[in-house]
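Just so you know, ligand 1 is whichever comes first in the structure, and atom 1 is the first atom listed for that ligand.
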Amino acid sequence: MPSKSKPLPIYILNGPNLNLLGSREPEVYGTATLAEISRRSAARARGHGLKVSFRQSNHEGDLIDWIHECRSSGSGLILNAGALTHTSIAIHDACRALGKPIVEVHLSNLAAREPFRHVSFVARAATGSIAGLGAHGYELAVDALAALLEE
Ligand code: DQA
């Protein structure tokens with residue numbers, strides 16, 4: 001019987017200032033650190049038989065390069081682009097070029113915040129979005145991406 005090839009990892013990419021989670025405005029973003037979120041996401045992905053490549057950068061170009069890398073080395077993308085969500089057409093274009101499912105995630109409920117956070121260039125290129133559920137949103141995003149990859 002031919003051996004089943006291993007699925008490529010899912011990419012979970014995090015943008016500017018998310019390295020500060022845990023101490024950054026905990027009343028808005030919660031108290032979980034990015035390292036905790038990474039562990040929880042990896043555990044959730046394991047339950048679906050998936051591996052995770054979890055990364056953070058404060059630099060737009062890094063995120064774009066990693067989205068490009070995901071075209072050949074990833075099976076799908078979970079993206080919290082931080083404030084770049086609301087400004088970066090370059091990240092929007094990279095997402096459009098990915099050709100794989102994308103789940104946008106935000107810890108905070110963007111719709112209930114300042115008007116400048118109501119525009120998301122990521123949402124326009126994503127398969128779907130999860131916002132306002134704190135760190136738990138990442139685990140839900142893993143579930144959603146796993147379901148999309150099953151389709
Ligand atoms: C965020 C929301 C953005 O508006 C903000 O700039 C962030 C975090 C979130 O996860 O809630 O850095 O993406």
Side-chain angles (χ1 to χ4, degrees), residues 8-48 50-71 73-149:
L8 294 169
I10 59 174
Y11 277 44
I12 304 184
L13 302 181
N14 297 277
N17 300 309
L18 293 167
N19 53 314
L20 301 180
L21 284 181
S23 60
R24 170 196 184 199
E25 298 183 84
E27 68 287 358
V28 178
Y29 299 115
T31 53
T33 64
L34 199 61
E36 285 162 13
I37 293 173
S38 171
R39 276 193 295 277
R40 285 167 58 176
S41 301
R44 192 68 157 236
R46 256 194 315 277
H48 294 288
L50 295 170
K51 289 222 176 328
V52 164
S53 182
F54 192 102
R55 307 178 194 176
Q56 186 275 333
S57 177
N58 292 324
H59 305 283
E60 185 176 16
D62 286 343
L63 294 163
I64 293 165
D65 288 344
W66 292 339
I67 295 167
H68 292 177
E69 184 188 303
C70 183
R71 299 174 79 209
S73 302
S75 57
L77 174 64
I78 293 171
L79 178 59
N80 183 352
L84 291 170
T85 303
H86 318 299
T87 60
S88 177
I89 295 166
I91 288 178
H92 166 87
D93 286 350
C95 287
R96 284 185 58 110
L98 180 61
K100 304 197 173 178
I102 301 174
V103 180
E104 175 188 34
V105 65
H106 297 283
L107 296 141
S108 62
N109 180 359
L110 300 182
R113 299 188 65 194
E114 305 95 320
F116 61 81
R117 295 185 208 274
H118 296 177
V119 170
S120 169
F121 289 105
V122 172
R124 296 183 69 109
T127 316
S129 304
I130 295 170
L133 302 175
H136 189 48
Y138 281 75
E139 290 164 292
L140 297 174
V142 169
D143 290 345
L145 194 54
L148 289 166
L149 293 172

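Contact annotation: for Asn17 versus ligand 1, there are no heavy atoms closer than 4.0 Å. Residue contacts with ligand 1 for Asn80 involve side-chain atoms from C-beta outward but no N, CA, C or O (heavy atoms, distance under 4.0 Å). Only the side chain of Arg24 comes within 4.0 Å of ligand 1, judged by heavy-atom distances.
Scanning both residues, Val122 and Ala81, for their nearest heavy atoms gives CG2-CB, 4.1 Å.
In this structure, Phe121 and His92 have perpendicular ring planes: the angle between them is above 60°, well past the 30° mark.
Qualifying side chain to side chain donor-acceptor pair (under 3.5 Å) partners for Asn19, counting only residues two or more places apart in sequence or in other chains: Gln56.
The main-chain N or O of Ala131 is never found under 3.5 Å from a side-chain atom of Asn109 such that the two would form a donor-acceptor pair. No donor-acceptor distance shorter than 3.5 angstrom exists from the side chain of Thr31 to the backbone of Pro26, with no hydrogens or angles considered.
The 12-atom threshold is exceeded at CZ of Arg24, counting heavy atoms of other residues, nucleotides or ligands nearer than 6.0 Å.
Considering both main-chain and side-chain atoms, Leu110 never comes within under 3.5 Å of ligand 1 through any nitrogen or oxygen pair. Residue Arg113 places no N or O, backbone or side chain, under 3.5 Å from any N or O of ligand 1. Residue Val105 places no N or O, backbone or side chain, under 3.5 Å from any N or O of ligand 1.
Between atom 4 (O) of ligand 1 and the options His86, Glu25, Glu104, the minimum heavy-atom separation is to His86.
Atoms of ligand 1 lying under 4.0 Å from at least one heavy atom of Ser108, given by number and element, are 2 (C), 9 (C), 11 (O).
Expressed to the nearest 0.5 Å, how far CG of Asn14 lies from OG of Ser38 amounts to 8.5 Å. Atom CG of Leu21 and atom CD of Glu36 lie 10.0 Å apart (nearest 0.5 Å).
Nearest non-hydrogen protein atom to atom 1 (C) of ligand 1 is His106 ND1, 3.7 Å. Closest to atom 8 (C) of ligand 1, if we only count protein heavy atoms, is Tyr29 CE2, 3.5 Å. Annotation: atom 9 (C) of ligand 1 to nearest protein heavy atom, Leu107 N, 3.4 Å.
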